[in-house]
Each structure stands twice: as structure tokens, then as C-alpha cells.
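Below, chain A is the first sequence line, B the second, and so on; all start at residue 1.
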Amino acid sequence: MPVEPVYRAEISRVSILDEHGRFDGALGADLIPDADVVALYEHMLLCRTLDEIAFKLQRSGRMGTYPQNMGQEAASLGAAYALDRRDWMVTCYRENAGLFWHGVPPELILLHWMGDERGNHIPADVQATPISIPIGTQMLHAAGLAWAEKLRKTGAIACTFFGDGATSEGDFHEAANFAANLDLPVIFVCQNNGWAISVPSRIQSSAPTFAQRGLAYGMESIQVDGNDLFAVVYVMRDAIRRAREQSRPTFIEAVTYRLRDHTTADDARRYRDAEELAAWEKRDPLVRLRGWLESRRLWSPDQEAAAKERSQSEVNAIVARAEGIAAPAAGDFFNHMYAELPDELRRQRDTMRTSSLGQDPSECSREPSPPPSPAHAH
Amino acid sequence: MPVEPVYRAEISRVSILDEHGRFDGALGADLIPDADVVALYEHMLLCRTLDEIAFKLQRSGRMGTYPQNMGQEAASLGAAYALDRRDWMVTCYRENAGLFWHGVPPELILLHWMGDERGNHIPADVQATPISIPIGTQMLHAAGLAWAEKLRKTGAIACTFFGDGATSEGDFHEAANFAANLDLPVIFVCQNNGWAISVPSRIQSSAPTFAQRGLAYGMESIQVDGNDLFAVVYVMRDAIRRAREQSRPTFIEAVTYRLRDHTTADDARRYRDAEELAAWEKRDPLVRLRGWLESRRLWSPDQEAAAKERSQSEVNAIVARAEGIAAPAAGDFFNHMYAELPDELRRQRDTMRTSSLGQDPSECSREPSPPPSPAHAH
Amino acid sequence: MANLTLVQAINLALIQEMELDDRVVLLGEDIGRNGGVFRVTEGLWQRFGAERVVDTPLAESGIIGTSIGLAMGGMRPVPEIQFEGFLGPAYDQLCSHAARFRTRTRGRFPMPITVRVPVGGGIHAPELHSDSPESIYVHTPGIKVVMPASPYDAKGLLISAIRDPDPVIFFEPKRIYRAFREDVPEDEYTVPIGKARVVTEGDDLTIVSWGAPVVDCMNAIEAGGRSAELIDLRTLYPFDMETIAASVRRTGRVVIVHEAPRTCGLGAEIATRIMEECFLSLEAPIQRVTGFDTIMPYYKLELDYLPGADRVGRAIEEVLAY
Amino acid sequence: MANLTLVQAINLALIQEMELDDRVVLLGEDIGRNGGVFRVTEGLWQRFGAERVVDTPLAESGIIGTSIGLAMGGMRPVPEIQFEGFLGPAYDQLCSHAARFRTRTRGRFPMPITVRVPVGGGIHAPELHSDSPESIYVHTPGIKVVMPASPYDAKGLLISAIRDPDPVIFFEPKRIYRAFREDVPEDEYTVPIGKARVVTEGDDLTIVSWGAPVVDCMNAIEAGGRSAELIDLRTLYPFDMETIAASVRRTGRVVIVHEAPRTCGLGAEIATRIMEECFLSLEAPIQRVTGFDTIMPYYKLELDYLPGADRVGRAIEEVLAY
Ligand SMILES: Cc1ncc(C[n+]2csc(CCOP(=O)(O)OP(=O)(O)O)c2C)c(N)n1
Ligand SMILES: Cc1ncc(C[n+]2csc(CCOP(=O)(O)OP(=O)(O)O)c2C)c(N)n1
Ligand SMILES: [Mg+2]
Ligand SMILES: [Mg+2]
């Protein structure tokens, strides 16, 4: 045959609890125990409260640039819920909800945005990498982590998160390609929130879906309503099985939306239509989940009020912990450059205030400041 | 619907003249005038002769490392035949056949492998970029060239060639993504020859085809028998139409095979099975085309013998031209660093033989050596 | 004559070069409708259209790699890399390709590309948004490197860079984007690439700096009251050794100030060149006041890292006391 | 004790470290069945299997980026980059990530990665196969840079690098891969990172070099008959200033020799450090014999570019004549 089909593929989209409150019992029943849904909702509330307070901290000069997560809580949280504690979360900066659930102390994330590297000192028993600022770079680290776990036969896997914009970077491609061809147990979750700062997602991909990026690698690929916690858990479970049992990767496009500015340094009104925003406000994952809970009498206005209050005071405590960590000592950035400080660096450190040539002794601190030992998040 | 298809795709494979000599009249008739098929076959013969002689030049120390093209002549030649002279060819190093057809003087390619940059001075009226050694880097240049032609509304397009290995590089991904999302008139031709030096193509992609790489970008994508000149011309014409009329890119996987070592520095017996090689020798594009010509009485053993002799003497002349170009002057590498040589570089050049500090005048040549002015290839 | 910030001066230069030469196209992330994250390209998308002010996919290698193709195809691309930290993914296309195309093709494919990049620390930015990688590119043959320290120079140097037939990295010190204003002619003018600027004349010592630290040097001189000749290098490659050497032969004492890490920074090259060319004039070791051989810290400590006026002042006293 | 080439010494070190520590895994292009394009990993795939000697997809950023993940996951990856020119695509993962992970996580994620890279010119290779980019990485905080010039050092330094808890770029001067043999102990031993080697002792001048040019310096000294102290730096960051300064304080005259381009090369840093620390001992300007500020030419002219024994010899005479 002169023209002969040699490959066929299809991308599906999964939705369980849609924006109108319709719930698919076939897929959704018994997916998450009711008590867990309540806990997950409360966690989302906490994260949203933290998000709002972080915004205010930035505006009042108590924190640097901060990227609000609002509207995207369901995707990373659903993923974290489906993962084991032993699995790695390798994220960028819009996965607070999932990271906190996975065990990253929220005050560390605040500390990071307060301009302090100690915010990246993830506790040793939490399998997460720090927030990744340079776009598209962390997926390779996830592939390598998954590879290490495979070599060490621990059964653990890695799950990495990134935006629609990140899929344009070459490193995304290399990560997916390594994962597919070397059979690495890693899950790629793309949070397609419609925008990369001011650039709409169609500039990142003019294809009908981002999910089809995965087809290039012969990878199992799927699109999911990223504002639907149930659907996210559903596709994650499938991907986790594939990773753990077959050591094969999965690409998940979670369709969601950034309800706020890109960061506190941005003004989205310069480039985004009010109608688009309004349409997505109706798809808010919190509102949706609350509706589901209420319709099942698992949640009441009183509970809501109480939970909000709890969130508020919990976040206040988190902020207090973050702000309570004393500033690092002058010259602390010399420490941890290497396992052992080379002589020349020691000289630079010890004379940083007194001499450009370095013949003089220093007034600066010589010892590394210890990482903060934060209380755990949940 | 909770699980709903949102995208479907299919990759086809095109073959017109297959390895058993079967010819598909529906697609193949009137595709290439008989006289052109003869000319194309003779051109392939010339290229293969040059390839063999280049190998010998390397073995006898008259040339540096050289990558033989043998077995892959049809893909780049079919593409070049379908392109206009105004279109750009942006290649790596296994596209001699196409480059020579497009107008690149063969002695320049030899000069390049003889360790002389002047082999990259493509004549001003030839739309080709020099051989690209660093893998995967040239496709972005092709995308940019296509973009420039689009901005300048010339109607010209770009066609870029690369190997199966090259599709693993992040730059491939970025080039394809720019082309798809910015609507650039560029054609991506992947010569999947089964190997990247010693690494089999399944390490580059574990998917059933390389063609499906293009699906990631929503790009028209197709697989073709790369040893079938007719089929290559067929898919190229389609891609050229899409580029010129719709300013849309196409991804073409040309399935072929490297019949020799990766380069003269390689020994493929270390990693390749003899049976695999034997199977592919039967699919040799030259043998196949000659069979077709003979079956149509367009070619005879006498013509073959005469053409071989012509090739031989033509290649001898090419080699003589390449070897006849005097070595560049000492220090020639300073020239062309910038449009105007900065003072410090002038000082380095003028004292390169006499002084490490550069206070002394030089014995070195000061003027740039002119590029060779070679006779054209066809 | 208008009283402009550095950002405004660059914006004006871009407008004027785009008006003058329709081969000039801008490409980058968020430079279109949004006018750039620092608003450097504010209004240009509206004025010149989406064909000439192009929001690209989020891919720095792609931005530089397609700029190479655009240049080969007869355009004069002016790509923006959003922060100097994101030159990293573009390193290969910039240093192995843009820098080499002219010479590897013996002049057949010149590369008239101007890569605009905000650079340096001091604005409380997140990680990889505050580095000073200029020495890397100074060490890379085939590229010119420019860094203005004033609005006037920014406009004139950017116009020179865009017109230059070779690739230029145009570093924009973000700390002083809006720090002060200066009279900038409305007409087009050029400041030549390769020429330093003597900011203040003086007899006791020579200070060489570039970018935002030039302002720190001015403050240190004012505070210390010494007669210092301050040279703003402006072009980092090829740099103006003539002006430096003439000054050092007169003063015999030198302080070099830069934000980049010390080891193998451009300060080392300048110091070595001074030693090579003014050996007998030197009355004291040359002092370097620089960033340290550490990662630029997160912002709580960034002022510790940056060579501020204090450290410059101490170096001046040290070199004079020798 | 075996009489080995540099390639063989490296091969032996890899075998021994892999035997000793099963966290050590090799990854790269063509390193498996084929044993590497220079045959450095010859026999290892057969010996340790495809799980520990891994042919990766053709993607350098992927090789370094996954090495970072492997290191975080408790392994000790030893990636190979096939030629120094292909460090370019890996630049960002190497310099913005591997180099920074320890410090940005305050020690939580150390990066015990050893990146093996053949380096330098002189083997008639095609473009981007003959460069000397070491200064770029010396300037990049958070990385250690090592370059042996002899089989003995190659084995001992590679073992140190693999055991080092920080990222090390291990440059292998390909020109001398098989140029000569040396007695190399069969047992494991380490050569410390950060310590130079005094190759020949001497009184009239100090020569500092590293990698393949060390051999050119030896030839120049032999030909010229001067009493030169030749220091093979071996570790380029952090480099052994103590040994250099001690020698220069005795000789007062210095020649520095490297293949990399001159401007902002490591030679500049060493010269500046000598001036800072031995100012009063210096009796002549320090001479640099280096590659030029040009693209490394194609091979017809590569010997013009490389600092051969002739140029070193002339510099010796020049610095002594001053
Ligand atoms: C390599 C790199 N290039 C550019 C930037 C600047 N930048 C920060 S966020 C961003 C957009 C990211 O978009 P996306 O990946 O969709 O994530 P989102 O912010 O929408 O969650 C850009 C361009 C960066 N941080 N890193
Ligand atoms: C960026 C880069 N990495 C590595 C190499 C070394 N190298 C040269 S050719 C080659 C294999 C290329 O394979 P492929 O793209 O399939 O092309 P083929 O040689 O099979 O035509 C490699 C790894 C290179 N030239 N450039
Ligand atoms: Mg986004
Ligand atoms: Mg191949």
C-alpha cells in the first residue's frame, strides 16, 4: 500500500465533578472517602488563605515577589493525595496545596519568597525538591530522581509539575524523552493555566491539546479538568499504577486557570479580558468542591465559617514562624558553597567587610547558620 | 461525558517504489519526468563515487574525519529536487546529494572536511547553510530563515535535515514549536537511519514512529520510505505546498539506513549486526532506482559503465579543485572574527609569532585570504 | 532634549531604530502587548504591530536560535532575554553559533543580532534574577559585550549595537533602570562601541567599573574626597585599554569594581592587562572590589554580596595607603 | 604497577570506583556497547551491565539534568559529555542547577556528580571538538574543575572527583590521551583536589600550566635550558595559589600557558592573584602564552592557534630578558 497508516492515537479528557456540579458516579464513587474530601477541602481553604495573606505581606513590604496560586489548588493537591509519602514531588511555584499536603512546611515556602535560601531546606523526611524558579528545568531532575529510585528498587516514583509555558523549553522535551526511552517511573503534570505571564497558551502550543505533547514520546497521555479534584485523583491513580508497576511515564495535562496576576510584580489587566476571567471564576475548584460537599450534607455554612477562622489563625501562626526566623548572618552565603569551604573562599568570607585583598582578619560570622527546624504541616 | 476523546491523529507511511521494485502508478505516474529520473540517478552515482573517494582520502591522510553518506542519498536529493533554488537547505552532514543538487560546490564540502573554514563559504547565490556538526542545532536556524523569508514576503521557504539522534535535543523541540506556533514555512526532514553513532534509534524514541514527534505541535506529520526517491518527492511536494501557501510547517520522517560507519573514526562492527546491514543493503536507493530505470529501458549497462566513468573523472576534478586551494595563511583565523578587527585582536595577530605581550611587529599575514571561487556543481 | 530614565532611553532608541530600518524586529517573552516585564518595550507592539514585536514561546534557545536564522535571512533581530539568569538555556546558540557564524563561514553569514538582557542584583528579585555573567561572554570570542551605566549612553550604545554587523550582548543594569534621569537628545546619535567614558577626572588613583556599580563608585568618591579618575568601561569586549592605560600611567594606583564573581571575572583581565602594559607605573597592587566566588544570595543578603560604596571606599584607602 | 596511557588510567579508575561503590553509574552518548568514542569506557558495559553504564538519548542537557536527579536520589553519577563543545547545550543544567543545588538548599541536596569531558585541540577534529572552555567553569561558583596532565594524576584525580561530595568537571586533555605512558599503581589511590604538582624545580622563572600544554612546557624547558619551575595546576578551581606564590616569591618571573582564549582566561586570574600576593617579588610583567581571542580554527591552522613549545620558549626568553 503506498499510503498506509502506521500509528493512531487518541487523547481523552477526564472530568468527574464538572463546573455545574454534575458528578459522574461511575468513575467518582468510592474514589475518595468522604472524610478525606472534607480534609482536602479544608486544606484548600488553608492554602487559599495563605495565598491571600502572602499577597498582603508582599504589598506591605514584608515579602518579595510572590506568585499567587489561587484557582489552581486542585491539580497539585489531587496529585499529592494520590501519591505516597515516599514519592517525589518536583514542582515549580504554583503547587503550594500539593506541597503542603505532601509535608513541606508552609513557613519554608514563605521563607523562600522572603528572600532566604533556608526556605529550600526541605526536611530530610519529606520527598520534595524546592520551588523551581527557572522555567522548565525541574522536569529533568524528576526524571533523574525516578531513575535513582528505579535503580535502588525502592518502589518510589516521581511526579513533576510545570506550566503550559514550560512545555516550550527544550529541557521539557529532553526530560520526557529520557523518561519514555529509559522507562522511568515519572509522571509529568502540566498545569495549563492559559497563560505564561502575558503570553497566551496558544503561543506555547497551537495544537488542540497540550496532552498530545506526550504522543511524541509514545507516552500514555491524557487531559483532565484540573479544577476537578476527583478527576485529578482518578488520572493520577492510573498514572501511578503505570509508573510503579510498569516503570512507564505518563503525561497529564491539567486544564486550569490562574485567577490572579502572574506574580505580585504583574498586572494581568494589561493583557487579559475580564470576561475570560469571569468565566473561569465560575469554575473555581474550591467553590465546586464545597458545592459537592454541601449537596451531600458533608459541609455546612457553620463549618465553613469555623474552617475559615481556623485557616486564618493557622496561617497567622505560619507567618509568625516564617518571620520569626532570624535573618541569616552576614556572609552566610559562603557557607554551603561546597562541603568544605576552599581556602580562597574562606579568605573572601573572612575579609569581606575589611579588605579587598584579603590580608586582614574578619569580623564576619564563620559558622554556617543552621537550617530552621520547622513544625510539620500536617 | 466523563471520559471524552478530544484529539485523534494518525500517521501514514508513503512508499511508491518499494524495495522489491513494485511501483505505485497512482501516486508515482507523472511525478518526475523520465529525463529527470535519469539525471537524478546519475547525480546519486556521482555522490556515491565522491563518498567512496572521500573515504580513501581520509584513509590516506589527505582528509580529516569524514562521515560517509552511502545509502542515504535519496532523502536529501528528493527533497532538493522538489525545492526551488530560492528555498533554503539547512542540513547536517549526510545531505551531500541534496546539497550538490541545490548548487553547493562539492569541493567546498571536501574542503570543510579537510579542515578549512573556507569550505563553509557557500556562494552568495546558493541558499544553503554550511554543514552543521553540533547535533540538533541547525533546525532553529532554519525556523529563523523561514521566518525572515515570511517577513520579507519572498515566497521562499526553508527545509532542514537532521538525524534520528538529533530529535532528542531540546533545540529540535524548540524549533518545531516555534515553527508551529508562529506559522513558519519550514519543513523538518528527519533522516532516521537507525543509529546515532552506536546508539540505536529506539534509545532516541521508543515510540512506533519518529513522525509522531510532529503531533506534539499539531504539525502535519508523515513517514516516508527514505530510500524511495519517488515517495520523498511526493511528500515533499505536499509539504512545500503547505509551507508556501499556508505558511505551515511539516514533519517528515524519512526511514533510511547508514550503510557505512558513522564516520571514518568509527567502527560499526562493534555494535551492529551483520544481518541488519545485509537486509538494508537490499534496500539501497541507488540499486532500486537503477532497477526502475532499467525496467523501463531508460538505462542500460553501457550507460551505467559510462556514467560511472564520468563520475570518477568528475570527482577526480572536484578533489583536484579542493586540494588545489592553497592552505590559508598563518593567522588567517583572526580575520572574519568581526566585521572590523578590534585593536586587541590586531595586536594578538600581529605578534602571534614573536611575542607573548605583543609589543613587537609581526611577520604574519595581515590581510584576509579571499574565499575560493569555485565552479558550480550543476 | 528630554529628561529620561535608562528604561525610557532604551525604549526611545528601539522606537527610532525600528522607524529607520524595517529589518529591525524584536522578539522575546512578554515583550508584546505587555511591553516587557520591565516595560522596556512599552508601546512598541501597539506601534509596530505583532509582526515586528513578537511574543515567542517560552524558550530562550529558541529565541536566540531563530534570531540567527533571521539574521541569515537579512533581518536585524533584537531578541530580549527576560533576565540574565535565562541566558543559560541560550548559551549554546549564543556562544557556539551566533558568535561563530561569521568566522566559520568566512564572512558569508554575519550575525547582526543585539541581545538585550537585564543584568545584576539589588532589586530583591528571586533566584537567577540577579546575576552578573558578563565575564562569560567577554571570554567568548565573536561576541561584543556592552553595558551602559547612564541613560545617555544607553540610547547611544543601543543604537550602535543594533547597527553593528556583529552580535552584541547589550546588558541593561536593572538596578538603575529607573534610579535617575539624564538629559537625552531626542535625535538619533551613537555612542561608539569600544570606547570608555571618563566619568570623573582625578590624579590619585584610577577606578574602573561598569554598569550599576559605577554609581556606587561615584558615591564612594564623593564620600571619600580623593582625587579619583573614574572610568566607566561601557564596552566590555572589546574594551578600551587605551583609556585605562593612559590613566594608570598617570595615577599608578587602581581599583576595579564589578558585581560578578571575582575569580576569572573581567576585573582579572583588566588587572593583568594593566600589569602587562603599565608594569613600571604601578605603585601598588591593583585592588578588586567584586562579587564573591559564591552564588548570588537570595535577597536578604544581596547587599552583603554587592560591592557597595563602602567597600569601594575602603579599597580606595587601601590602595592609597600601600 | 602498570604502564598505562591516560585513557587506560581513567578506564581503570572507573572500574575500581564502580567495583567499590554501587552508587556510581555512568551515563552518556556511546559509552555503552561502543565503549565511548575515545574508548575511555571500553569494557565497562560488558562488565557492569546496561543498568550502570547507560547509553542515553542524544541530549546533553538531559544527561546533566538527569544526573542532578540521580544525585538527589542518592546515586553518584559520572556523566560523559562527548566533546567539550557539547557542554554548551548542558550549560544551564550545569551552571544554574548542579552548581547551585547545595547552596540554594543549604546543604540539603549535595551534588556528587563528576562530569567527564574530553578537552582541547590538536587532534585534527572537526569544529567544536577542539575547544578549551575551562575558564567559563572556573568562573562559575559551585563547581570544581580538574584537568590532569599525566596518567598517574588522571587516575588519582578521577577517584578523588568521584568521591567528592560536590560537582566536579573532569577535563581530559584528548591530545595526550595516548601520547605517552606512565607507571600507575594498580591499587586505588587519590590525588587531592586543590593541590598543584611541581613538575620540574627551577630558580629562574615559574611556569604555570595545565592539561596538554604542560607537555609543551616540558619540551620548551628542555630545549631552552633555563632553570624553570614548572607547575602543573591539576585543579583549576579551587586552584593552589600557595604553591604558585611560594615559587614566584623565589623566582620573580612568571610565564602562564593555556590553550583557552586569552581574555578572561584563567591565566588572567592567576596573573592577578600573583600581582596581589607577590607584588614586591615580581621582577618582570607576567607573560601569558595562550590561545587567542578567536574561534579555535579548523584543523589546517590549529597548530597556529595552540601555544606550542616554540611560543613558550620565546616567552621564557622574553620574561628573563626584561
Ligand atoms: C528559563 C526561564 N525563562 C523565563 C523566566 C521568566 N518567567 C517566569 S514565570 C514565566 C511564565 C511561566 O509560564 P508557565 O510555565 O505557563 O507557568 P505559570 O506561571 O503560568 O504557572 C516566565 C516567562 C523564567 N523564570 N525562567
Ligand atoms: C550536540 C552534539 N552532541 C554530540 C555530538 C557527537 N555526535 C556526532 S554525530 C552523533 C550522532 C548523530 O546521530 P543522528 O542525529 O542520528 O545523525 P546520523 O549521524 O545518524 O546521521 C553524535 C552523538 C555532536 N556532534 N553534537
Ligand atoms: Mg501557565
Ligand atoms: Mg542517525
*Asks:* The test is salt bridge (Lys or Arg N to Asp or Glu O under 4.0 Å); show your working for C:Arg102 and B:Glu117 and say whether it passes.
*Replies:* CA-CA 10 Å; C:Arg102 174 189 286 278; B:Glu117 286 88 350; over 6 Å; no
*Asks:* With side chains defined as the heavy atoms from C-beta onward, is the minimum distance between B:Phe178 and C:Thr56 less than 4.5 Å?
*Replies:* yes
*Asks:* Looking at chain C, which one of B:Leu345, B:Leu145, B:Leu184 has the largest number of heavy-atom pairs inside 4.5 Å, strictly under?
*Replies:*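 The candidate making the most pairs under 4.5 Å is B:Leu145.
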*Asks:* Heavy-atom distances under 4.5 Å only: say whether C:Met241 touches chain B with side chain, backbone, both or neither.
*Replies:*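 Answer is neither: C:Met241 stays 4.5 Å or more from chain B.
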*Asks:* How far does OG of C:Ser61 sit from NE2 of B:His173, to the nearest 0.5 angstrom?
*Replies:* 11.0 Å
*Asks:* Counting only non-hydrogen atoms closer than 4.5 Å, can you tell me which residues of residues 81-98 of chain C sit against chain B?
*Replies:* C:Asp92, C:Gln93, C:His97
*Asks:* Do B:Glu344 and C:Arg273 have side chains that approach each other closer than 4.5 Å (heavy atoms only, starting at C-beta)?
*Replies:*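 Yes, at least one pair of side-chain atoms sits under 4.5 Å.
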*Asks:* Side chain, backbone, both or neither: which part of C:Ile68 has a non-hydrogen atom closer than 4.5 Å to chain B?
*Replies:*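 Contact with chain B: side chain only.
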*Asks:* Under a 4.5 Å heavy-atom cut-off, does chain B meet the side chain of C:Phe239, its backbone, both or neither?
*Replies:*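 It is neither, since no heavy atom gets under 4.5 Å.
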*Asks:* Under 4.5 Å from any heavy atom of chain C, what part of B:Phe333 do you find: side chain, backbone, both or neither?
*Replies:*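 The answer is the backbone of B:Phe333.
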*Asks:* Return the NE2 to CG distance between B:His336 and C:Asp166, rounded to the nearest 0.5 Å.
*Replies:*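 The NE2 atom of B:His336 sits 12.0 Å away from the CG atom of C:Asp166.
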*Asks:* Tell me whether the count of non-hydrogen atoms from other residues, nucleotides or ligands lying under 6.0 Å of CD in C:Glu242 goes above 12.
*Replies:*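 Check fails, neighbour count at 12 or below.
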*Asks:* Measure the CG-CZ distance between B:Asn120 and C:Arg100 for me, rounded to the nearest 0.5 Å.
*Replies:* 12.5 Å
*Asks:* Quick check against the 3.5 Å criterion: does C:Arg106 have a side-chain atom that pairs as donor or acceptor with the backbone of B:Gly119?
*Replies:*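 Here the side-chain-to-backbone pair does not exist.
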*Asks:* Let me know if C:Ile63 has heavy atoms under 4.5 Å from chain B in its side chain, its backbone, both or neither.
*Replies:*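 When you check distances to chain B, atoms from both the backbone and side chain of C:Ile63 fall under 4.5 Å.
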*Asks:* So for B:Ala339, is it side chain, backbone, both, or neither that comes closer than 4.5 Å to the heavy atoms of chain C?
*Replies:* both
*Asks:* Would you give the length of the straight line joining atom CG of C:Leu70 to atom NZ of B:Lys150, rounded to the nearest 0.5 angstrom?
*Replies:*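 Rounded to the nearest 0.5 Å, the CG-NZ separation comes to 11.5 Å.
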*Asks:* Which atoms of C:Pro141 come close to chain B, meaning under 4.5 Å heavy atom to heavy atom: side chain ones, backbone ones, both, or neither?
*Replies:*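 C:Pro141 touches chain B through backbone and side-chain heavy atoms alike.
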*Asks:* Do B:Arg347 and C:Glu277 meet the salt-bridge criterion of a basic N to acidic O distance under 4.0 Å?
*Replies:*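 Salt bridge between C:Glu277 and B:Arg347, a charged N being under 4.0 Å from a carboxylate O: yes.
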*Asks:* Do any of residues 128-143 of chain B come closer than 4.5 Å to chain C, heavy atom to heavy atom, and if so which ones, in number order?
*Replies:* B:Ala128, B:Thr129, B:Pro130, B:Ile131, B:Ser132, B:Pro134, B:Thr137, B:Leu140, B:His141, B:Ala143
*Asks:* Among the options B:Asp343, B:Asn181, B:Asn177, B:Ile122, pick out the one with the most heavy-atom pairs lying under 4.5 Å from chain C.
*Replies:*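 Heavy-atom pairs under 4.5 Å are most numerous for B:Ile122.
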*Asks:* How about C:Gln46: does its CD atom have over 12 heavy atoms from other parts shown lying under 6.0 Å from it?
*Replies:* yes
*Asks:* How close do B:Ala148 and C:Met75 get, heavy atom to heavy atom, and via which atoms?
*Replies:* CB-CG, 3.8 Å
*Asks:* Hey, what do you get for CE (C:Met72) to CD (B:Gln127), rounding to the nearest 0.5 Å?
*Replies:* 11.0 Å
*Asks:* Apply side chain to side chain contact (heavy atoms under 4.5 Å, CB included) to residues C:Thr103 and B:Met337 and explain how you reach the verdict.
*Replies:* CA-CA 5 Å; C:Thr103 191; B:Met337 276 303 300; 4.0 Å; yes
*Asks:* Is the shortest heavy-atom distance from the side chain of B:Tyr338 to the side chain of C:Asp164 under 4.5 Å?
*Replies:* no
*Asks:* Is it the side chain or the backbone of C:Arg23 that comes within 4.5 Å of chain B heavy atoms, both, or neither?
*Replies:*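 It is neither, since no heavy atom gets under 4.5 Å.
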